[in-house]
Q: 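Input: one structure, supplied below.
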Amino acid sequence: MAPELLEELSQRKEPEKGLSPLEGAELGVVMRFAPNPNGPPTLGSARGIIINSEYVKRYGGRFLIRFDDTDPVKKRPMPEAYGWYLEDCRWLGAHPKEVITASERLPLYYDVAEELIRRGGAYVCMCSQADFKAKKDAGRPCVHRSKGPEENMAHWKAMLDGGLDVGEAVLRVKTDIGHKDPALRDWAAFRIVTASHPLVGDRYRVWPLLDFESAVEDHLQGVTHIIRGKDLMDSERRQKYLYDHMGWNYPRTIHWGRIKIHQFGSFSTSKLRAAIEAGEYAGWDDPRLPTVRALRRRGIEAEALRKFMIELGVGETDISISMDTIYAENRKLVDGIANRRFFVWDPVLLEVVGDVPRRAQAPLHPDRDRGFREIAAGARLYICRSDLDRFGPGDRLRLKDLCNIEITSIDPPRASFIDSSPETAKASKLSIIHWAPLDGIPVEVKGPERDDHGIGEPGIRAELDSVVQFERYGFVRIDSIDPVVAYFAHR
RNA sequence: GCUCCGGUAGUGUAGCUCGGCCAAUCAUGAAGGACUCUCACUCCUUCGACUAGGGUUCAAAUCCCUACCGGAGCACCA
């Protein structure tokens with residue numbers, strides 16, 4: 001037997017790792033991620049960006065990003081957010097072949113609407129919302145449903161040119177008014193909105209609703225596979241009526257459940273936006289927020305998010321995940337590259353009598369050969385209050401990479417020098433604590449749960465924008481150096 | 001009220017399409033240990049699950065029914 005065949009056989013036995021295969025993707029795929037740009041990408045968006053783009057990488061084809069920004073009022077787009085999405089996509093390694101902005105393509109949707117009217121697949125409904133709901137719930141058509149195409153076209157034109165006003169009419173797609181699922185009966189495709197849109201101003205007064213816009217774009221772009229939230233399952237069934245009227249083929253769809261994160265609870269972009277505007281958070285990259293930019297600022301690598309999302313996979317179950325899994329992924333990536341530095345939180349000044357070395361040489365990394373950092377030492381040093389509290393007079397311990405000491409007094413904090421040999425410490429199994437020099441610099445750490453203040457070794461100033469490990473504390477990204485502010489990633 | 005979807009260890013996930021190879025995979029987590037001048041990383045060991053009840057079958061996590069639990073839609077929001 002040919003060796004390739006043997007190999008293939010043994011590979012097939014391997015448990016399927018990563019994303020499960022997509023049906024009908026063998027010839028390549030066209031997939032899209034379609035956000036509403038009313039805030040920056042969150043962890044949930046990251047899932048959509050990563051999974052969709054990952055499938056495109058795997059099967060070949062086109063990855064698109066499409067801004068579903070067709071509500072200038074209730075889900076008013078933020079002009080900055082369009083760029084934020086592109087920026088975060090790039091950072092996540094997803095490179096859209098094309099960027100589509102729905103608000104700039106209304107004429108295309110109008111064309112489809114008119115063709116649909118001609119085909120008798122839609123009608124202008126002038127019922128009040130309440131009246132229509134009553135009819136719909138009863139499964140009965142309203143009087144407008146039986147109008148002919150010419151009359152509908154005239155009413156449609158009136159919607160467009162101002163003959164009808166806000167709230168007076170909508171264009172509905174004909175489905176099955178008696179369908180057993182009330183959610184599918186004659187849905188609204190266009191409504192009149194006169195508010196100005198942040199991107200296109202008041203050029204249009206008739207705006208499509210998501211089901212219509214999304215359905216038409218998916219067809220125009222030749223989307224082959226849609227992955228979307230389970231909450232949009234009915235959308236698919238609604239949109240299929242439109243596809244039937246137009247004679248189009250519906251893409252394959254996959255749905256995923258809601259994703260909740262322990263540490264952040266449930267969040268919605270509009271809630272976050274309100275909280276930020278109320279001053280509860282410093283901005284969209286506040287470390288307490290589950291946005292992609294906040295995670296990036298904290299030193300979470302894109303690769304960690306990618307691995308995590310791929311591991312999560314695509315399932316219809318609603319899931320509740322823990323950031324710990326992302327942190328574990330990131331820790332592995334970052335451990336090998338992060339320099340080690342001393343940061344003493346809640347510092348107390350310790351006086352050591354005796355022949356304490358004037359300087360310490362500490363490795364930048366415990367097991368990669370990256371050389372040493374020099375730290376000024378001396379008789380007076382900072383240590384963590386919590387460390388001091390663990391000891392009493394007579395206790396011996398080691399100051400990492402410096403010397404061994406014996407505590408002589410807690411208040412005031414005093415110790416005496418024993419020797420410098422690491423062997424002594426090893427032989428008597430001394431606890432090893434870290435420290436900061438008298439000429440240490442103030443360091444502030446901003447984290448998702450709390451902020452810490454303390455003193456760090458001056459060399460931290462050389463680490464701007466990189467991820468370092470504060471020994472016995474955790475991984476942080478140095479966000480600024482004058483003064484030093486670090487963002488906490490995880491332990 | 002009507003309709004739709006889901007329910008595998010603490011948390012996720014594989015397996016379910018085409019029942020047996022599942023005394024159920026992997027990751028994370030927890031516990032213990034090794035290594036280590038960090039409570040990091042790495043390595044080793046251990047813990048831990050098919051929601052419940054019926055049915056079909058020689059055989060069910062896998063098929064069918066019911067119950068329970070969870071989520072969602074029924075907007076001139078996305």
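Fair warning: this is a prediction, and the values are worked out from it, not measured in the lab. Just so we're on the same page: letters track the sequence lines, and every chain starts at 1. Hydrogens, waters and symmetry mates are skipped; everything else that's a heavy atom, side chains included, is used.
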Q: Determine, for A:R341 against A:E457, whether the closest basic-nitrogen to carboxylate-oxygen distance falls under 4.0 angstrom.
A: yes
Q: If you draw a 6.0 Å radius around CZ in A:R385, do more than 12 non-hydrogen atoms from other residues or ligands fall strictly inside?
A: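 Open: at most 12 neighbouring heavy atoms sit under 6.0 Å from CZ of A:R385.
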Q: Starting from Watson-Crick (N1-N3 plus N6-O4 or O6-N4) and G-U wobble pairs under 3.5 Å, report the runs of at least three that RNA chain B belongs to.
A: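 RNA chain B stems, ordered by first number: B:1-7 with B:68-74, B:10-12 with B:26-28, B:29-34 with B:42-47, B:51-55 with B:63-67.
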Q: Contact class for A:K400 vs. all strands (heavy atom < 4.0 Å): base, sugar-phosphate, or nothing?
A: base
Q: Please output the side-chain donor-acceptor pairs of residues 130-137 of chain A that fall under 3.5 Å, not counting sequence neighbours, one pair per line with the distance.
A:
unit_1	atom_1	unit_2	atom_2	d
A:D131	OD2	A:S128	OG	3.4
A:K133	NZ	A:D137	OD2	3.0

Q: What integer number of Å spans the C1' atoms of B:rC43 and B:rC4?
A: 49 Å
Q: Is A:D186 salt-bridged to A:K174, going by a charged N under 4.0 Å from an acidic O?
A: no
Q: Check whether any side-chain N or O of A:W435 sits under 3.5 Å from a backbone N or O of A:K400 as a donor-acceptor pair, and report yes or no.
A: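 It does hold such a pair.
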Q: Measure CZ/A:F372 against P/B:rC37 and give the value in whole Å, please.
A: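 From A:F372 CZ to B:rC37 P: 12 Å.
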Q: In whole angstrom, give the distance that lies between atom CG of A:L19 and atom P of B:rA14.
A: 10 Å
Q: Give a yes or no on whether a salt bridge exists between A:R105 and A:E217, defined as a side-chain N under 4.0 angstrom from a carboxylate O.
A: yes
Q: At under 4.0 Å between heavy atoms, what does A:F475 touch on the DNA or RNA strands: base, sugar-phosphate, or nothing?
A: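 Since only primed, P, OP1 and OP2 atoms lie under 4.0 Å of A:F475, the category is sugar-phosphate.
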Q: Can you tell me, in whole Å, how much space there is between the C1' of B:rC58 and that of B:rC74?
A: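 Those two atoms are separated by 48 Å.
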Q: Roughly how far apart, to the nearest Å, are B:rU28 and B:rC18 at atom P?
A: 34 Å
Q: Write down the distance between CD1 (A:I177) and P (B:rC2), rounded to a whole number of angstrom.
A: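 Between P of B:rC2 and CD1 of A:I177: 19 Å.
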Q: Is there side-chain contact between A:F33 and A:S45, with at least one heavy-atom pair below 4.5 Å?
A: yes
Q: What integer distance in Å separates A:I326:CD1 from B:rG12:P?
A: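 That distance rounds to 13 Å.
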Q: Checking A:F488 now: which residues fulfil ring pair (Phe, Tyr, Trp, His ring centres under 6.0 Å) with it, not counting sequence neighbours?
A: A:Y473
Q: Could you tell me the separation between the CD1 atom of A:I375 and the C1' atom of B:rC37, rounded to a whole number of Å?
A: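 Rounding to the nearest Å, CD1 of A:I375 and C1' of B:rC37 are 13 Å apart.
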Q: In whole angstrom, give the distance that lies between atom CD1 of A:I383 and atom C1' of B:rC37.
A: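 Nearest whole value for this atom pair: 17 Å.
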Q: Using the C1' atom in both, what is the distance from B:rC35 to B:rC41, to the nearest Å?
A: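 One C1' to the other, the span is 10 Å.
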Q: Would you measure the distance from the P atom in B:rG6 across to the matching atom in B:rU51 and give it in whole Å?
A: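 Approximately 14 Å lies between the P atom of B:rG6 and that of B:rU51.
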Q: Using the P atom as the point on both nucleotides, what is the distance between B:rC2 and B:rG48, in whole Å?
A: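 Going atom to atom, P in each nucleotide, I get 44 Å.
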Q: Should A:D419 and A:R398 count as an ion pair when the cut-off is N to O under 4.0 Å?
A: no
Q: Let me know the distance between CZ of A:R368 and P of B:rU36, rounded to the nearest Å.
A: 18 Å
Q: Can you name the side chain to side chain contact (heavy atoms under 4.5 Å, CB included) partners of A:L210, sequence neighbours left out?
A: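 Residues passing side chain to side chain contact (heavy atoms under 4.5 Å, CB included) with A:L210: A:D68, A:E213, A:S214.
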Q: For the residue pair A:H179 and A:Y241, categorise the inter-ring angle as parallel (less than 30°), tilted (30 to 60°) or perpendicular (more than 60°).
A: perpendicular
Q: Could you check whether A:S320 gets within reach of a base, just the sugar-phosphate, or nothing at all, counting any heavy atom under 4.0 Å?
A: sugar-phosphate
Q: Would you kindly compare A:D387 and A:H179 by the position of their nearest RNA chain B nucleotide and give the one closer to the 5′ end?
A: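 Of the two residues, A:H179 wins.
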Q: Atom CG of A:N339 to atom P of B:rC41: distance rounded to whole Å?
A: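 After rounding, the gap between these two atoms is 17 Å.
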Q: Considering only atom C1', compute the distance from B:rG19 to B:rA59 and round it to an integer number of Å.
A: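 Each nucleotide's C1' atom is 8 Å from the other's.
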Q: Please write out each protein N/O paired with an N/O of nucleotides 28-31 of chain B under 3.5 Å, distance rounded to 0.1 Å.
A:
unit_1	atom_1	unit_2	atom_2	d
B:rU28	OP1	A:K332	NZ	2.2

Q: On RNA chain B, nearest-nucleotide positions of A:E316 versus A:R472: which is more 5'?
A: A:E316
Q: Do nucleotides 71-78 of chain B as a string where each nucleotide becomes B, S or -: B if the base has a protein heavy atom under 4.0 Å, S if just the sugar-phosphate does, - if no protein is that close.
A: SSBBSBBB
Q: With ring-ring contact (aromatic ring centres under 6.0 Å, His included) as the test, would you mind laying out the steps for A:H144 and A:Y123 before giving the verdict?
A: CA-CA 7 Å; A:H144 312 103; A:Y123 60 98; 7.6 Å; no
Q: Ring centroid separation for A:W207 and A:Y109, is it under 6.0 angstrom?
A: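 Ring centres of A:Y109 and A:W207 not closer than 6.0 Å.
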Q: Looking only at atom P, what distance separates B:rC65 and B:rU17, rounded to whole Å?
A: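 It comes out at 15 Å once rounded to the nearest Å.
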